[in-house]
Amino acid sequence: MNSRLQSIIDRRGPIRKIGVVGMGYVGIPAAALFADAPVFESVLGFQRDSRSSGYKVAMLNRGESPLKGEEPGLEDLLGKVASAGKFRCTSDFSEIAECDAVTLAIQTPFADPKDLIPDFSALVEGLGQVGGHLSEGTLVVLESTVTPGTTAGMAREILEEESGLVAGEEFCLAHAPERVMVGRLLRNIREHDRIVGGIDDVSTRRAVELYRPVLTAGKIIPMTATAAEVTKTAENAFRDLQIAAANQLALHCEAMGVNVYDVRAGIDSLKGEGITRAILWPGAGVGGHCLTKDSWHLERGAQVLGGDLRYPHGAESIFGVARKINEFMPRHMVHLTIEGLRRAGKSPEGAKVALLGWAFIQNSDDTRNTPAEPYLAAMEEAGAVVRVHDPFVDEYPGIEVSHDFDGTLAGADVVTIFTAHHHYASLDPVRVKELSGREHPVIVDGRNVVDPNAFIRTGFVYKGIGRGDKNSHEVVPGR
Ligand code: SAJ
C-alpha cells in the first residue's frame with residue numbers, strides 16, 4: 001500500500017465535492033446521481049463554453065437536460081439536485097481545485113479506424129484542464145472508453161505535467177468505464193456492475209468510495225486501471241465478434257441454400273448447465289458508437305502495450321476479422337440488391353431504391369455509424385437513385401430522410417429494409433407493390449422483418465440476409 005498517498009487521503013477525509021468534466025450523455029446522468037447521493041455534499045458539472053455546447057451550462061443550471069430523446073427520470077433528477085443546490089454547471093475549470101474527486105466523460109472517437117489512431121484531442125484538453133487545477137489528494141477518474149494503457153500512460157503524463165504532482169504519490173488516478181445506453185442512462189449507471197480500476201490500490205479504493213453510493217443493483221468490480229480498460233473494450237469486441245459469427249453463418253447458409261434462422265433456432269436450443277451458445281442475430285451490418293470502434297481500441301492496446309504478443313504466425317486478429325465481416329454486410333446488401341434487380345430484368349443504373357431505416361438500431365433515432373450509409377453510397381455509385389425513409393430520424397447531414405412512407409415507395413424498383421423498426425414488421429406486400437407500380441419489385445430484407453412467401457406470391461423478387469432457402473426462388477406473376 002502506498003502510505004504517503006494514503007496519509008494524504010486520510011488528512012483530506014472522505015469525498016465530499018465532486019467534479020464531472022464533459023456534460024454529455026455519460027457525464028450528465030453521472031453528475032445527477034452523484035449529486036443525489038446524500039453522502040456527497042455537492043457536484044460541479046464542467047462544460048467548455050464552446051459555440052456548439054456552451055448553451056448546456058445555463059440549461060443544466062435550470063435543471064433542464066440538453067440530451068435528445070427520452071431519458072426516464074433524468075429531467076426530474078436534474079431539477080431536484082439543481083434546485084437543492086447540490087448540482088451546478090460551470091465553465092470555470094479553476095473550481096476543480098475545490099474537488100475531492102473529478103471524473104472525465106469525454107468522447108474518444110476514431111479519426112479513421114483504419115489507422116487505429118483514436119482522436120483523443122478532446123480528452124487531452126480535458127486532462128489539461130484538470131491537471132492545471134489539480135490539488136493534492138484529489139482522485140481523477142477517466143470514464144471515457146480509451147485504448148488500454150491510456151490511464152496509466154498518456155493521462156498520467158498530462159496530469160503530472162500540468163499539476164507538478166505525482167500520480168500514485170500525491171493524487172489518485174483510476175479508470176471506471178461507462179456502460180450506459182441512450183434511453184436508459186440512469187438505470188444503467190445504477191444497475192450495471194461497475195468496473196473500477198486504479199493505477200494502485202489506494203487509487204482503486206478511493207474510486208470505489210466514489211462509485212459505491214450511486215449503485216443500486218450493481219456491484220463494484222475492482223481491478224487495475226489497465227485491466228479495466230481492457231475489460232471495457234473487450235466486452236464490446238466480444239459482442240462484435242458474436243454478431244460477426246452470426247453474419248458469417250448467414251453467408252454460409254445463403255451459399256448452402258439453408259435458412260440461417262432455422263439453424264440459429266437449432267443452435268439456440270442447445271441449453272443446459274454449463275452449455276452456452278450465445279448466438280446473436282445476422283443482419284445488414286453493425287453501427288453505433290461502441291462496437292464500431294472498441295475492437296480497434298483493444299487491438300491498438302495489444303500492439304502498444306503488448307510485449308512479445310504471441311499469436312499464430314501470420315494469423316489475423318479474430319477481432320479484426322470480425323470487424324471486416326460486419327463491415328462487409330452492407331456491401332452484401334448491395335450484392336443482394338443487384339442480384340434481385342437482375343432477376344427482375346433490371347440494371348442498378350437508374351433503378352429507384354426505397355431504403356427503409358437509417359437509424360443504426362431498431363426503434364431509435366440514433367444514426368451514429370449507420371450501416372445504411374455505405375449501402376446508399378455504393379448503390380448511388382452503381383447509378384441507382386436512393387430515397388431514405390425513417391420514422392424516427394428527422395435529419396442527417398447530406399441525406400434527405402423522409403417520414404412519407406408512400407412517397408418513398410412510389411415508383412420504387414427495390415425496397416431495402418436496413419433497420420428493424422416496428423413500422424416495417426407489418427409491410428403489406430400488395431400495398432407495397434401497388435405503391436411501387438412495378439410488375440416484379442425487389443425486396444431486400446436485411447433484418448428478417450418480412451415473410452418471404454407473402455412477398456414472393458405477390459410477384460416480388462425476394463432476397464434476404466441468410467435466406468439461402470429463398471434467395472433463388474421462382475419469380476411468379478403476382479396475385
Ligand atoms: N446488431 C446485430 N445483431 C445483433 C445485435 C446487434 O446486427 O444480434 C447490430 C445492431 O443492428 C446495431 C449494432 O449491431 O447496428 C449495435 O447494436 P447493439 O445492440 O450492440 O447496441 P449498441 O451499439 O448501443 O451497444 C450497446 C453497448 N452498451 C454499452 O456500451 C454500455 C454494448 O456494450 C451492449 O452490449 C449493447 O448496447 C447491448 O447489449 O444492448
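Positions are given from 1, in the same order as the sequence printed here.
Side-chain contact between Val444 and Ile417 is absent, with no heavy-atom pair separated by less than 4.5 Å. Residues Val401 and Asp394 form no side-chain contact, since every pair of their non-hydrogen atoms from C-beta on lies 4.5 Å or further apart. Counting heavy atoms from C-beta outward, Tyr396 and Asp390 have side chains that stay 4.5 Å or more apart. Put simply, the side chain of Phe418 does not reach to within 4.5 Å of the side chain of Leu356, judged on heavy atoms. Between Thr416 and Thr337, the closest side-chain pair of non-hydrogen atoms falls below 4.5 Å. A 4.5 Å side-chain heavy-atom check between Val141 and Tyr211 finds at least one atom pair inside the cut-off. Under the 4.5 Å side-chain criterion, counting only non-hydrogen atoms from C-beta, His473 is not in contact with Asn453. Side-chain atoms of Leu249 and Ile279, non-hydrogen and from C-beta on, do get closer than 4.5 Å to each other.
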Show me the side-chain donor-acceptor pairs of residues 23-37 shorter than 3.5 Å, one per line, residues at least two apart or across chains.
{"unit_1": "Tyr25", "atom_1": "OH", "unit_2": "His289", "atom_2": "NE2", "d": "3.2"}
{"unit_1": "Asp36", "atom_1": "OD1", "unit_2": "Lys80", "atom_2": "NZ", "d": "2.6"}

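Between the side chain of Asp294 and the backbone N or O of Ala237, no donor-acceptor pair lies under 3.5 Å. Counting only distance, with no hydrogens or angles, the side chain of Asp366 and the backbone of Gly288 share no donor-acceptor pair below 3.5 Å. No donor-acceptor distance shorter than 3.5 angstrom exists from the side chain of Ser203 to the backbone of Gly198, with no hydrogens or angles considered. Put simply, the side chain of Thr150 gets close to the backbone of Thr147: a donor and an acceptor are under 3.5 Å apart. Side chain of Asp193 to main chain of Ile220: no donor-acceptor pair is present (N/O by atom type, distance under 3.5 Å, no hydrogens or angles). Thr276 contributes no side-chain N or O that, together with a main-chain N or O of Ala278, makes up a donor-acceptor pair within less than 3.5 Å. Under the 3.5 Å distance criterion, the side-chain polar atoms of Thr108 are left unmatched by any main-chain donor or acceptor of Val146.
A pairwise comparison of heavy atoms in Leu280 and Ala246 identifies O-CB, 3.6 Å as the closest pair. Closest of all the heavy-atom pairs between Ala359 and Thr367 is CA-CG2, 4.1 Å. Scanning both residues, Ala152 and Thr226, for their nearest heavy atoms gives CB-OG1, 4.5 Å. Between Pro371 and Ala284, the shortest heavy-atom distance links the atoms CB-O, 4.0 Å. Taking each heavy atom of Leu139 and Ala174 in turn, the nearest pair found is CD1-CB, 4.4 Å. Nearest heavy-atom pair across Gly283 and Asn247 is N-OD1, 2.8 Å.
Sorted by first then second residue, the side chain to side chain donor-acceptor pair (under 3.5 Å) pairs that include residues 182-192, not counting sequence neighbours, number zero. Sorted by first and then second residue, the pairs that involve residues 232-271 and meet ring-ring contact (aromatic ring centres under 6.0 Å, His included), not counting sequence neighbours, are Phe238-Phe319. The list of side chain to side chain donor-acceptor pair (under 3.5 Å) pairs with a residue in residues 353-364, not counting sequence neighbours, is empty.
For Glu143, the salt bridge (charged side-chain N to carboxylate O under 4.0 Å, His left out) partners are Arg194, not counting sequence neighbours. The side chain to side chain contact (heavy atoms under 4.5 Å, CB included) search around Lys352 returns Arg387, Asp413, not counting sequence neighbours. Residues that satisfy the salt bridge (charged side-chain N to carboxylate O under 4.0 Å, His left out) test with Lys470, not counting sequence neighbours, are absent from this structure. When the side chain to side chain donor-acceptor pair (under 3.5 Å) test is applied to Asn448, no partner is found at least two apart in sequence or on another chain. Taking Glu70 as the reference, nothing meets the salt bridge (charged side-chain N to carboxylate O under 4.0 Å, His left out) condition, with sequence neighbours excluded. For Arg156, the side chain to side chain donor-acceptor pair (under 3.5 Å) test picks out Glu160, with sequence neighbours left out. Judged as a salt bridge (charged side-chain N to carboxylate O under 4.0 Å, His left out), and not counting sequence neighbours, the contacts of Arg179 are Glu235. With sequence neighbours excluded, the residues that form a side chain to side chain contact (heavy atoms under 4.5 Å, CB included) with Ala227 are Met223, Thr224.
For the residue pair Ser65 / Glu75, no side-chain donor-acceptor distance below 3.5 Å is found, with atom types taken as modelled. Residues Glu229 and Thr151 bring a donor and an acceptor atom of their side chains to less than 3.5 Å of each other.
Between atom CD of residue Gln129 and atom CD1 of residue Ile106 there is a gap of 9.0 Å, rounded to the nearest 0.5 Å. Atoms OG1 and CD1, on Thr231 and Ile195 in that order, are 5.0 Å from each other to the nearest 0.5 Å. One distance of note links CZ of Arg239 with OG of Ser295; it measures 12.0 Å at 0.5 Å rounding. Between the CG atom in Leu185 and the CD atom in Glu71 there is a gap of 3.5 Å [rounded to 0.5 Å]. Atom CZ of Arg331 is separated from atom CG of Leu336 by 13.0 Å, given to the nearest 0.5 angstrom. Put simply, CG on Asp240 and CD1 on Ile318 are 11.0 Å apart, with the number rounded to the nearest 0.5 Å.
Using a cutoff of 4.0 Å between basic side-chain nitrogens and carboxylate oxygens, Lys463 and Glu339 are scored as salt-bridged. Taking the charged nitrogens against the carboxylate oxygens, Glu327 and Arg323 do have a contact shorter than 4.0 Å, which makes a salt bridge. The pair Asp469-Arg467 meets the salt-bridge criterion, with a side-chain N (NZ, NE, NH1 or NH2) lying under 4.0 Å from an Asp/Glu carboxylate O.
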**Asked** Can you list the steps and then say if Asp404 with Ser402 is a side-chain hydrogen bond (donor to acceptor under 3.5 Å, both in side chains)?
**Response** CA-CA 5 Å; Asp404 173 5; Ser402 168; 5.1 Å; no
**Request:** Report the C-alpha distance between Ile465 and Met333 in whole Å, list the side-chain angles of each, state the deciding distance to 0.1 Å, and finish with yes or no for side-chain contact (heavy atoms from CB on, under 4.5 Å).
**Result:** CA-CA 8 Å; Ile465 293 278; Met333 289 288 284; 3.7 Å; yes
**Asked** Could you go step by step and tell me if Val258 and Asp262 meet the side-chain contact (heavy atoms from CB on, under 4.5 Å) rule?
**Response** CA-CA 8 Å; Val258 164; Asp262 289 344; 5.8 Å; no
**Evaluation steps, side-chain contact (heavy atoms from CB on, under 4.5 Å), between Ser472 and Tyr462** = CA-CA 8 Å; Ser472 306; Tyr462 170 88; over 6 Å; no
**Prompt:** Phe360 and Thr419: side-chain contact (heavy atoms from CB on, under 4.5 Å), yes or no, with the steps?
**Reply:** CA-CA 7 Å; Phe360 85 83; Thr419 315; over 6 Å; no
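Taking the six-membered ring wherever Trp is involved, the centroid distance between the rings of Phe328 and His335 falls below 6.0 Å. The six-membered or imidazole ring of Tyr424 lies near that of His389, with a centre-to-centre distance under 6.0 Å. Between His423 and Phe392, the distance separating the two ring centers is shorter than 6.0 angstrom.
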